[in-house]
Amino acid sequence: MTERRNPEGTTGEEAMAGAIGAGSPEDIGQSTHAASDSIQQTVGAARPESGSYMFPAFDAHHPPDKDLIDDCVHCGFCLPTCPTYVLFGEEMDSPRGRIYLMNKGLTEEPMNDEMVRHWDLCLGCMACVTACPSGVQYDKLIESTRQQVERRYERRADDKVFREMIFQFFPYPNRLRAVAAPMRLYQRFGIGDKLRRAGIMQRIPARMRAMEALLPDLPKEEKIPDLTGPLGEMRRRVGVLTGCVQRVFFSPVNAATVRVLAAEGCEVVAPKQGCCGALSTHAGREEESLDFARKTIETFDDLNLDNVIVNAAGCGSTMKEYGYLLRDDPEYAERAKAFSAKVRDVSEFLQELGPVAERNPLPVTAAYHDACHLAHAQGIRRQPRQTLKQIPGMDVKEIREAEICCGSAGIYNMIEPEPAAELGERKANNILKTGAQIIVTSNPGCMLQIQSSLKKMGRDGLPMAHPVEVLDASLRGDPVETLLDK
Amino acid sequence: MDRGQLIETMQEILGPEGVIHEREQLRTYECDGLMNYRVIPDLVVLPESAEQVQQIVQTCYDEGIPFVARGSGTGLSGGALPVESGVLIVLTRMRRILEVDIPNGRVVVEPGVINIWVSQEVADEGYYYAPDPASQIVSSIGGNLAENSGGVHCLKYGFTTNHVMGAEVVLADGSVVHIGGGKAPDAPGYELLGAFVGSEGTLGIATKITLRILRKPEAVRTLLAAFKDTEEAGGAVSGIIGGGIVPAAIEMMDALTIEAVEKQVSPGFPEAGAILIVELDGPEAEVANQFDQVIKVCEENDASEIRIAEDDEERALFWKGRKAAFGAMGSISNDYYVQDGVVPRTELGAVLKKIADLSEEYDLRVANVFHAGDGNLHPLVLYDNDTPGEADKAEELAGEIVFACLEHGGSLTGEHGIGRDKMKYMPQMFTADDMDVMQLLRCAFDPHRICNPGKIFPTPRLCGERPGPFHMHPVQKAGLAENF
């Protein structure tokens, strides 16, 4: 091992901090970091290998589409926005490199540990989709590749068990809740900190440690009614997705969503519901994700809704994709397409609807963090900022390197803890540089990731909120402290 | 030294995470921005310091192993195409900005630093780095140096060579030299920096580069003018420059380019046969005065629409459309071949006409996007690799375009370099004597020809070989190699 340079404290990095203004999605590539600490995860030795070898790499069921691959002209414009390229500086861990490997898999090379490793390391943040001047649909490419990997590649036993465990818990709020209860005790008695101090934590595998570090403070779950009437004249009848992680860990976000929608003249239906399938979709678990998608469509379809509102970026992007995901299912294809057309992110919907309720001032400086599945996957950047800026007294700061993922990326921070932790710290540093009093973002995964990164850096005092929580506070006339003391 | 030993040696220098040797991983490095040529390198190494680069090159020299340096891999002439049984030295992990020296107007960077980072670094101080190739958000300074990159503003500000003050270079024999000046703007003696910049990686590897930064101009004004065809737009270009104005940039896009760009990044360009983007910068009063002149010239040349960028956002939108042009071709064609010729400004109309005729003759679409001010054409030949024979046809057509440029007193390349792609055309432009002189210079730096061999020069002359009639190399004669 060669000695790693500390990326902090270089003259370049310091000067850069002052020199670069607000990062817009076009402002790509602002890194001065030398190679990352987690690089041995990719080229080096610390990789899970199974020795599995499949030829041809892909079977006939939705291999990565050759036409979509051919759209890539290898120009490299995606490189500086790709989080793993930013960390490792190598071709195989860039979108262009991964597409190249897909093409090789289609034409001449087998699927083996190396290929799978580089696809696995992709966060699926879709920053490359934003950056690509040729309109390459990397989202579709990586999704079909991941399905092939899950179906055909034999993962090492421990890797398989760990992944399976995640999918036995996270898509099921009841199971999550069941483990959440002991977690509350665990937190209340500071067991994690004690274990850490005693050095026991260090002996637990990195992935388990990463999972433990992600546990947020568990608020008492705020239930929301099945039906909430509009304040004033009814403008829309909408359903809300309450989510899995959102429901268990961030139930106040759901409560705020319902109140805000009602205040803006919506009748809000919150039916009993399951997982939307986003986590499974992004991990390539095709059958499972399609089942979740069908059930979610069933849940909302007969409720006579104008729109289905989602407050979690990852869920919203998948639900907008149902039409594509279920394209082979004769019974559901059309329904799915119609359903997807009704799906809106809550900020997107509020801006479409236009504000009517009175906003009370909230004199506070907020840093808005773009969730990748909102900004890159759904192209929603303006609306949440607008939602915040419509509140008198709000000062919205931009975060440098806004387009680079925070490292959360669905289940990524649990299965790839090292690069995720580096990205998390990088994001947290950029957030701290804004000097904001509160972080605002639209995805529960980002919240967990940023929170745990700040905690590791000893800066866990910084409050976080979803845009609708901020708007809710403004509509209710709450003092700014209710947000800051959260 | 066999491959296994070489891997071990490199791992000793770089650690296991700095050496790529698995086949699938190597394959992602088999081409750069030009996909027409592919060679799988024996090894890819990722140094993080100048010392490591020196040790890598020293090893290659001692063992007689050829090597190629690569930055972001966005080059369009195959300059970073690996060499078989050679080492590819990838500099993307050397990306630190080492020194910012505002009072002396200089910034010192490592070669992997991305072009735009330099401007971002000094933006708050009111400075910027002038060369701005369309790839500036991704291409590296090391690569810019190798290719002597220009960009849309090179008409007024010149190429990379005009903005490099000095460089630390690892030569092919592993020695480390400094060329060019230090903090002072000039150094006596031979102007070696001029030879090194634009040498396409054949004279050594720059490990530390001192760049000149400029004060941002007081005023910048940009307009977009739509014309019926490229001829009318060309008339406006001549009118502007003939009128004594040196714009910071004049860019032209033809109808096909506009279509692709519109489809991809929707900058809202008007429908037209040709679009000009004209940018003026400098002192407020001068810019204001000349801007009115430019508008007048455009009107005189029957511009159907003139849009003036009202703010930085609109200006950025104009440029976004222009800079996305190459990549956007992917939306209207599976494959495309980028040509990069230069013609005297006065010949623009004639050459464009010739390109249109050739396009018809070959039945292949050609999109034109170019730096009109200095006659640097970028015709993009659109084709489909999956249609048998079409790739060859496209390459032939691209060649014809180059010949047309040469016939009209032009040059093979404006800024993309000769690389692997255009070396076969070199004898069309240069005499055997010219080429021999170039070879002699090269041999002075790299007598064993291990530094990016097989680029720029079409004939595999060996250093030490007496300049004279071409002799086929024995290996080639034996049919063992085509190019090396």
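The model shown is predicted, which means the values in this text are computed figures rather than measured ones. Order of the sequence lines sets the chain letters (A, B, ...), proteins ahead of strands, with each chain counted from 1.
Looking only at side-chain heavy atoms (C-beta outward), A:Ser134 and B:Met329 stay at 4.5 Å or farther from each other. With a 4.5 Å cut-off on side-chain heavy atoms, A:Phe77 and B:Ser135 count as touching. Looking at B:Arg93 and A:Ile39, their side chains come closer than 4.5 Å, going by heavy atoms from C-beta outward. Here the side chains of B:Glu24 and A:Asn112 are in contact, with some heavy-atom distance below 4.5 Å. Between B:Val19 and A:Val43, every side-chain heavy-atom pair lies at or beyond the 4.5 Å cut-off. Between A:Met92 and B:Tyr29 there is a side-chain heavy-atom pair separated by less than 4.5 Å.
Ranked by non-hydrogen atom pairs under 4.5 Å with chain B, the options A:Asn103, A:Thr42, A:Leu79 are led by A:Leu79. The choice from B:Ser139, B:Ser331, B:Ala324, B:Ser72 that makes the most heavy-atom pairs within less than 4.5 Å of chain A is B:Ser72. Of the listed residues B:Arg27, B:Met35, B:His21, the one with more heavy-atom pairs under 4.5 angstrom with chain A than any other is B:Arg27. Taking chain A as the reference chain and counting heavy-atom pairs below 4.5 Å, the highest number among B:Asp335, B:Ile20, B:Val107 is found for B:Ile20.
Heavy atoms of other residues, nucleotides or ligands lying less than 6.0 angstrom from NZ of B:Lys216 number more than 12. No more than 12 heavy atoms of other residues, nucleotides or ligands shown are found within 6.0 angstrom of OH on A:Tyr53.
Using a 4.0 Å cut-off between charged side-chain N and carboxylate O, A:Glu91 and B:Arg70 make a salt bridge. We find that A:Lys104 and B:Glu30 are joined by a salt bridge, their nearest charged nitrogen and carboxylate oxygen being less than 4.0 Å apart. We find that A:Glu114 and B:Arg23 are not joined by a salt bridge, their nearest charged nitrogen and carboxylate oxygen being 4.0 Å or further apart.
Only the backbone of B:Lys323 comes within contact range of chain A, with at least one heavy atom under 4.5 Å from a heavy atom of that chain. There is no contact between B:Asn385 and chain A, counting heavy-atom distances below 4.5 Å. Looking at A:Cys78, there are no atoms closer than 4.5 Å to chain B (heavy atoms on both sides), in backbone or side chain. Using a 4.5 Å cut-off between heavy atoms, A:Arg98 makes no contact with chain B at all.
Listed for the B:Arg95 side chain is a donor-acceptor partner under 3.5 Å among the backbone atoms of A:Val86. Side-chain atoms of A:His74 never come within 3.5 Å of backbone atoms of B:Leu34 as a donor-acceptor pair (strictly under, hydrogens ignored). One N or O on the side chain of B:Thr92 and one on the backbone of A:Gly89 form a donor-acceptor pair closer than 3.5 Å.
One distance of note links CD1 of A:Ile69 with CG of B:Asn334; it measures 12.0 Å at 0.5 Å rounding. The distance from the NZ atom of A:Lys66 to the CG atom of B:Asp386 is 6.0 Å, given to the nearest 0.5 Å.
Of all heavy-atom pairs between A:Tyr100 and B:Arg38, the closest is OH-NH1, 3.0 Å. Nearest approach of B:Gln25 to A:His118, heavy atoms of both residues: NE2-NE2, 2.7 Å.
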